[in-house]
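Below is one structure, written out as C-alpha cells, with a few remarks after it.
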There are 2 protein chains.
Amino acid sequence: MSEATVRRRVTSTDVAREAGVSRATVTYVLNDTPGQTIPQSTRTRVLEAAARLGYRPNSAARTLASGRSRIVLLVLPDWPQEFSFRHFLDEASLALDESGYSLVTYTRHPGTRGRPLWEALNPDLVIGLVPFDPDDVASIRGCGVTRLFPDPDESDSADLSMAVSAGPELQVDHLIDRGHRRLVYATFKEPPPYSLVLARHRAACDRAYTRGLPPPDLERIDHQDGSTEEAIRRWRDMGITGVIAFNDIVAAVVVVAAATAGLRVPDDIAVIGHDDNQTAAMFVPQLSTIRFDPSTLGRDFANLALHKLEGRPWQNPDASTRVTLVRRRTT
Amino acid sequence: MSEATVRRRVTSTDVAREAGVSRATVTYVLNDTPGQTIPQSTRTRVLEAAARLGYRPNSAARTLASGRSRIVLLVLPDWPQEFSFRHFLDEASLALDESGYSLVTYTRHPGTRGRPLWEALNPDLVIGLVPFDPDDVASIRGCGVTRLFPDPDESDSADLSMAVSAGPELQVDHLIDRGHRRLVYATFKEPPPYSLVLARHRAACDRAYTRGLPPPDLERIDHQDGSTEEAIRRWRDMGITGVIAFNDIVAAVVVVAAATAGLRVPDDIAVIGHDDNQTAAMFVPQLSTIRFDPSTLGRDFANLALHKLEGRPWQNPDASTRVTLVRRRTT
DNA sequence: CTGAAAGCGCTTACAG
DNA sequence: CTGAAAGCGCTTACAG
C-alpha cells in the first residue's frame, strides 16, 4: 500500500507470484479442476494469496480461453406484470449461481431495433419463455450460441410450457366444475394482446376442447369507456355465464362492470382472475383467482437450464402441483 | 456449403482471407477506427466479405483486447412495479445501442446471495437508481469496474434523483395547493417498504418542509384485514385531510376504505396516487395521480451513461417537465 | 495506405 | 504433483 496502489487489476500472474506457483496451478485450484491432484498445502497457499490480493478472474479472458461464458440468457417476450415473477427469478438465479452460472434477463419487444443482447454476452444458453421466431434463431446461432431453448431443430421432450398453461387450465376446470358451459376469455384492449395473453388464451381453448366445450372467444375489453358493460350484456344475451380473466385487474374491471350492468356476481356471471395479486383480495367481492408458486417454477427453470448446459437429468414437472385455485367470492 | 458447413464460428481471420486483407484492416473497417485512412474500395470489400460470411465479432475477445466491454449494467434495487418502466428501458436501450453499448438490467434484492452480475459481465459502467452500499462499491471496484454511478468518491453534479423525487413533490404541492395542511404518506405493510418507497417518502418530506409543513408520517396499511378503515378514522381524528399514496393501488385501497368508513372523497379526505396505471382510471371515483414520461426519462438516463462513459456533455434535466399531475376525482 | 507482431488474461493439453 | 507453452479472437501501436 503506498504508491504501489496504482489501481491495476490483480491478475492470476499476481496470485501465482504471491503463492509461489505457476498460473496453471492457480487456475486449477481456483476452478477446482477435476483430474488434478494438488496437495492441500498448495491449495491453501493459492487460496490465501487470492483472498489477500482480492483476486477476481477476468471473465472476458476466461470466456475466450475456455469457450464458455457461464452466462444463461433468459429472453422475456413482454414485460411481465406479475409481481411474483421476481420470486421466480430470484430462485432461478440462485440455483444457477450454485452451479457457477449467471442469469441475465433480457426483455425483447416486437419493435426492438438494435443489437440483441446475445451478441454482446456470448451466452452459453439462450432460453425463451415462448418460442423464438426464425429470425431470432438465426441471429442467436450466428453469434456462436449452440444451445437454445426451445430449439426448433431439436425434438426435445423437455417442456416448461406448463408454467404458462397450468393456470388457464385450472381456470377453465373450475368454471366448468361450477356448472358453467358457455365461457369467454377476457383481456384488455390496450395494450394489444401480447404473447403471454395469447399463450394463456390458447391453453384455455385447449382445455375447453378437452372438456368437450367450444373454445372461449378472446374478448378485449376497454377499461376507460363504458364499453365493458355493453360487452357483458352481450355475453349474457349469448348465454355466457363464466368469464376467464387474463389477470386479476381484468377480472376486477369485469366485476365492476357487471355490477354496474345490474348483474349479480357470481350468480348471474362468474369471474375468475389469474395471479392472485394484491388487487385480488381487495375487491368487493373478493376475486377468485389462480395462485402459482413462483419459487418452485424458478427451480424448474434452473434445472432445465442445467439439463441443457450439462446434460443433467430432467423430468417434466407435474403441472397440477405448481398451481392452485384460490376460490373466493366471484365464482 | 456441403461438409464444409461444420459449424465453426466465423472469425476475423476468415473475413480477412475472404477480402484479401489483413486482420488489422478488418478491425479498422468494421469498427470505423478513427485516424485510419482506408480507401472506399477496400472498405466495401471487407464489408461485403463480412456480410457474406455472416461474421459476428467475438465479444469476449474484443473485450479482452480492447479493455472495454461496451456493456452498461443498470442495477435495480427492487422489482419495479410500474408498467411504464418498460418504456423507460426501451428508450434507454435504444439510445445506448446507437452509441454501441448494450444495456443489461440487474435486479438486486437485499437477501441476494451468489456472485453479483458485475463480476460476470465486465461492464464498462455500473449505474444504480439508488446509491450503492459500501460493500457493493468495493465489490464493483474489485471487479475492475472504474466507472460507477452514483460514485461515492466523486462529487459529481450529475443527478438523476429527480426521476424519483419529482412525482412525490408534485403530489405534495397539489394537496397543499388544494388547501390541505395535514398530510400522511401511505404505503402497504406488505411487502415491507423497500427503497423506492423510502425514496419517494423522503422526497415528499423534503417538499413538505420546503412548503413549511411538518413531514408526513409514513403509514403502512394492510389491504387484507379491515385495519385501513381504523387507520383512516385515526387520521381524521388527527386532523389529516390529505393522503399521499405510494402508488395507485395504495390510493385505491385508501379510497375504498374511506368509503367504508363513511367518509366522502375528496371532501372529507383527499387521496392522490402515483404512476397513473390501469387501476387509476378504473375506480369509482377515478383517482387523481401522477403521470411521468418514461421515454424522456430513458433518454435522460442514456445521456447520463454516455456522459460517464465518454465524457459527453450533460445537463441535469428539469424535473417539472418530466412529470405531470392528472387530477381526477379524488382530490 | 496496409500488415506483422505483440498483447489482453485466462485455460488446457502436455511434458516432465 | 507442477510448470512451460500454445492458444482463444480480437485490438493496437508501430514499421514500412
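We use all heavy atoms of the structure for the numbers below, so side chains are in, but hydrogens, waters and symmetry mates are not. A, B, ... follow the sequence lines: proteins, then strands. Residue 1 opens every chain. Remember, it's a predicted structure, so these values are computed and weren't measured experimentally.
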Roughly how many Å is it from [atom1] in [X] to [atom2] in [N], rounded to a whole number?
| X | N | atom1 | atom2 | answer |
| --- | --- | --- | --- | --- |
| A:Arg62 | D:dC10 | CZ | C1' | 20 Å |
| B:Tyr55 | D:dG9 | OH | C1' | 7 Å |
| B:Asp32 | D:dT11 | CG | P | 13 Å |
| A:Leu30 | C:dG9 | CG | C1' | 13 Å |
| B:Leu64 | D:dG7 | CG | P | 17 Å |
| A:Arg68 | C:dG9 | CZ | C1' | 17 Å |
| A:Arg23 | C:dT12 | CZ | C1' | 12 Å |
| B:Arg43 | C:dT2 | CZ | C1' | 13 Å |

Examine [N]: is either OP1 or OP2 under 4.0 Å from a nitrogen or oxygen in the side chain of [X]? Give yes or no.
| X | N | answer |
| --- | --- | --- |
| B:Ser66 | D:dT11 | no |
| A:Asn31 | C:dT11 | yes |
| A:Thr25 | D:dT2 | no |
| A:Tyr28 | C:dA13 | no |

Closest listed nucleotide, where the reference is the side chain of B:Ala65 and the choices are C:dC10, D:dT11, D:dG3: D:dT11

Quick one: on DNA chain C, does A:Thr27 or B:Arg45 contact a more 5' nucleotide (nearest heavy atom)? B:Arg45

Can you tell me the pairing partner of C:dC1 across any strand shown, Watson-Crick or G-U wobble, with both distances under 3.5 angstrom? D:dG16

Reckon B:Thr42 touches a base, only the sugar-phosphate, or nothing at all at heavy-atom distances under 4.0 Å? sugar-phosphate

Quick one about A:Ser161 and A:Asp159 (side-chain donor to acceptor, distance below 3.5 Å, no hydrogens or angles considered), yes or no? yes

Is there a donor in the side chain of A:Thr25 and an acceptor in the side chain of A:Ser22, or the other way round, less than 3.5 Å apart? yes

Salt-bridge criterion met for A:Asp32 and A:Arg43 (N-O under 4.0 Å): yes

Look at A:Asp151 together with A:Arg141 and state whether they make a salt bridge at an N to O cut-off of under 4.0 Å. yes

What heavy-atom pair brings A:Val104 and A:Ile71 nearest, and what distance separates the two atoms? CG2-CG2, 4.0 Å

Specify the residue among A:Pro39 and B:Val10 whose closest nucleotide of DNA chain D lies further upstream toward the 5′ end. A:Pro39

